[in-house]
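Worksheet: one structure, shown below.
Bear in mind that the values here come from a model prediction, so they are computed numbers and not experimental data.
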Amino acid sequence: MRGQQLLDELHAREIAIRKQQFEQLRLIKQIEDEGIAREMGAYSTPVLLRGRLRISPGDARRRVEDANALFGSATLTGQPIEPQIPVAARALAEGVISRDHIQVVRATLKKLPAEHHAEVEQRLVEEGAAFDPVKLSKIATHIRAYVQPEQVVLNEQQARKRMELSMVEDLDGMIHIRGQLSPECAEVLKAALSPLAKPAGKDDVRSAARRWAEALVELANRVLDSDTLPQDGGRRPHLAVTISYEQLRQQIGLGHGDFGAMITPQTIRQIACDAGITPIVLNSEGQPLDVGREERLVTKAIRAALIARDKGCSFPGCDRPPEWTDAHHIIHWIDGGITSAELMTLLCRYHHTTVHEQDWEIVMRDGIPYYIPPAWVDPDRKPIRNTMHTAVERGYSPSSQVRSW
């Protein structure tokens with residue numbers, strides 16, 4: 001088969017590349033042992049490689065370290081120095097493992113007492129022939145947990161102390177999140193985000209990275225709405241967004257959040273639908289005209305009624321459960337809409353954004369929300385409804401008179 005032939009050729013080329021890398025490291029070792037860098041006027045072998053091969057400083061340093069570990073040398077008095085990882089060296093020379101595998105072997109042996117090096121190296125090379133470097137790293141951690149359990153526990157404790165998180169604003173207003181978590185803390189975060197990061201129905205074309213990012217925000221929203229956080233400055237933690245009345249009505253300009261974020265009126269309308277977010281609306285003199293209305297927020301009774309009716313996100317084709325939804329005002333409260341089950345519907349965050357950003361319209365027919373698509377979706381703009389939550393339990397097919405997704 002054509003596909004198998006291409007894969008076989010790719011595998012053969014990968015083995016050839018690994019063998020070439022071994023020979024390249026042999027040359028680097030010769031350059032290092034013979035002091036070529038100083039002869040050429042370079043401060044060190046990594047500096048020489050960086051300039052001659054045009055590689056990064058980190059890559060140059062790793063190549064020299066790999067070369068020193070793979071090959072033996074001699075002291076100034078002529079005494080031989082055995083290679084640190086001879087088994088891994090032979091495996092790389094044969095193309096069995098890669099330089100990434102070598103990195104795992106080196107990093108693992110560096111943490112272990114010398115009496116365990118030979119046995120552990122042999123085991124890691126055998127496993128490396130069957131598994132990728134990431135998997136091999138996990139196997140190495142398991143091995144260390146048996147060889148030096150106290151040290152592994154200490155490393156775990158130290159990892160928690162190294163945890164950090166920073167948020168830096170870019171020139172275009174985007175926030176770059178950077179940080180690191182200990183393995184067990186990362187597991188907690190992944191467990192919380194995983195159910196929120198699933199695709200929102202068949203029309204969800206978001207990348208996995210975007211779904212995980214939006215799941216993080218969804219998690220924060222749920223915690224803010226849950227009233228379980230400790231007070232901050234004498235009040236329950238929440239977000240306040242300030243904007244003028246005219247900007248909010250005409251959907252022009254920008255509002256700003258507590259922490260300085262610039263937010264469009266369109267987004268403010270969306271996030272203020274059913275969340276612990278206070279819109280501070282200012283008059284023409286800049287004085288607070290409205291600091292939110294408690295009755296705009298959905299009561300437990302109204303939300304229970306919406307769940308009983310919609311049973312989840314009501315957007316056509318979406319099967320997300322009620323726990324993943326906001327209560328959306330069909331007529332926004334800033335435009336005079338009231339908070340009642342008859343004029344509201346449940347929407348997941350993804351489709352809530354879709355409704356606010358695109359030209360979807362919602363109309364109520366016999367107490368059921370119907371969606372009128374924008375013309376670019378359906379030129380006829382025929383109303384459609386979601387039957388994902390009800391078709392099975394009612395045991396019927398959607399009527400041919402009303403389209404559904």
Do you know which two heavy atoms are closest between Ala37 and Leu48, and how far apart they sit? CA-CD2, 3.8 Å
Tell me, please, which residues at least two apart from Arg2 pass side chain to side chain donor-acceptor pair (under 3.5 Å). none
Set of residues satisfying salt bridge (charged side-chain N to carboxylate O under 4.0 Å, His left out) with respect to Glu94, sequence neighbours excluded: none
Salt bridge or not between Arg222 and Glu218? Use side-chain N to carboxylate O under 4.0 Å. yes
What are the two closest heavy atoms between Arg106 and Ala69, and how far apart are they? CD-CB, 3.8 Å
Got a sec, which residues hit salt bridge (charged side-chain N to carboxylate O under 4.0 Å, His left out) with Arg211, two or more places apart in sequence or on another chain? none
State which residues pass side chain to side chain contact (heavy atoms under 4.5 Å, CB included) with Arg162; sequence neighbours excluded, sorted by chain then number. Gln158, Ala159, Gln180
List the residues meeting salt bridge (charged side-chain N to carboxylate O under 4.0 Å, His left out) with Glu184, not counting sequence neighbours, and say none if there are none. Arg160
Pairs where residues 18-63 contributes a residue and the test ring-ring contact (aromatic ring centres under 6.0 Å, His included) is met, not counting sequence neighbours: Phe22-Phe71
Any idea which heavy atoms bring Glu32 and Asn68 closest together, and the distance? CG-OD1, 3.8 Å
Reported OH-to-CD1 distance for the pair Tyr370 and Ile384, which is rounded to 0.5 angstrom: 11.5 Å
Tell me, yes or no, whether the heavy-atom count around His176 atom NE2, taken from other residues, nucleotides or ligands under 6.0 Å, exceeds 12. yes
Distance from Thr354 atom OG1 to Asp359 atom CG, nearest 0.5 Å? 12.0 Å
Determine, for Asp66 against Arg62, whether the closest basic-nitrogen to carboxylate-oxygen distance falls under 4.0 angstrom. no
If you look at every heavy atom in Ala140 and Val104, which pair is closest and at what distance? CB-CG1, 4.3 Å
Note: Gln148 and Lys111 closest approach over all heavy atoms is OE1-O, 2.9 Å
How far does NE2 of His101 sit from CG of Leu124, to the nearest 0.5 angstrom? 10.0 Å
Where is the tightest heavy-atom contact between Tyr350 and Val205, given as atom of each residue plus distance? OH-N, 4.0 Å
Atom pair OG1 (Thr387) and CG (Asp319), whose distance is rounded to the nearest 0.5 Å: 11.5 Å
For His351, what residues pass the ring pair (Phe, Tyr, Trp, His ring centres under 6.0 Å) criterion, not counting sequence neighbours? Phe315
How many angstroms lie between atom CD1 of Ile28 and atom CD of Glu65, to the nearest 0.5 angstrom? 11.5 Å
Looking at residues at least two apart in the chain, or sitting in another chain, which of them share a side chain to side chain donor-acceptor pair (under 3.5 Å) with Gln30? none
The reported gap from CZ in Arg63 to CZ in Arg50 (rounded to nearest 0.5 angstrom) is 13.5 Å
Flag the pair Arg349 and Glu214 as a salt bridge only when some basic side-chain nitrogen lies within less than 4.0 angstrom of an acidic carboxylate oxygen. no
Less than 3.5 Å apart, any donor N or O on the side chain of Glu126 or Gln122 sitting next to an acceptor on the other? yes
Partners passing side chain to side chain donor-acceptor pair (under 3.5 Å) against Arg18 (at least two apart in sequence or in another chain): Glu14
Establish, from distance only, whether the side-chain atoms of Thr353 and His356 form a donor-acceptor pair under 3.5 Å. no
CE (Met40) with more than 12 external heavy atoms under 6.0 Å: no
Tell me the salt bridge (charged side-chain N to carboxylate O under 4.0 Å, His left out) pairs involving residues 127-137, sequence neighbours left out? Arg123-Glu127
Could you walk me through whether Cys313 and Leu347 pass side chain to side chain contact (heavy atoms under 4.5 Å, CB included), step by step? CA-CA 4 Å; Cys313 178; Leu347 284 170; 4.0 Å; yes
Residues two or more places apart in sequence or in another chain: which of them pass salt bridge (charged side-chain N to carboxylate O under 4.0 Å, His left out) with Arg38? none
For residues 112-121, dump all side-chain donor-acceptor pairs below 3.5 Å to protein atoms at least two apart in sequence or in another chain.
from: His117; atom 1: NE2; to: Leu109; atom 2: O; distance (Å): 2.8
from: His117; atom 1: NE2; to: Leu112; atom 2: O; distance (Å): 2.9
from: Glu121; atom 1: OE2; to: Val87; atom 2: N; distance (Å): 2.8
from: Glu121; atom 1: OE2; to: Ala88; atom 2: N; distance (Å): 2.9

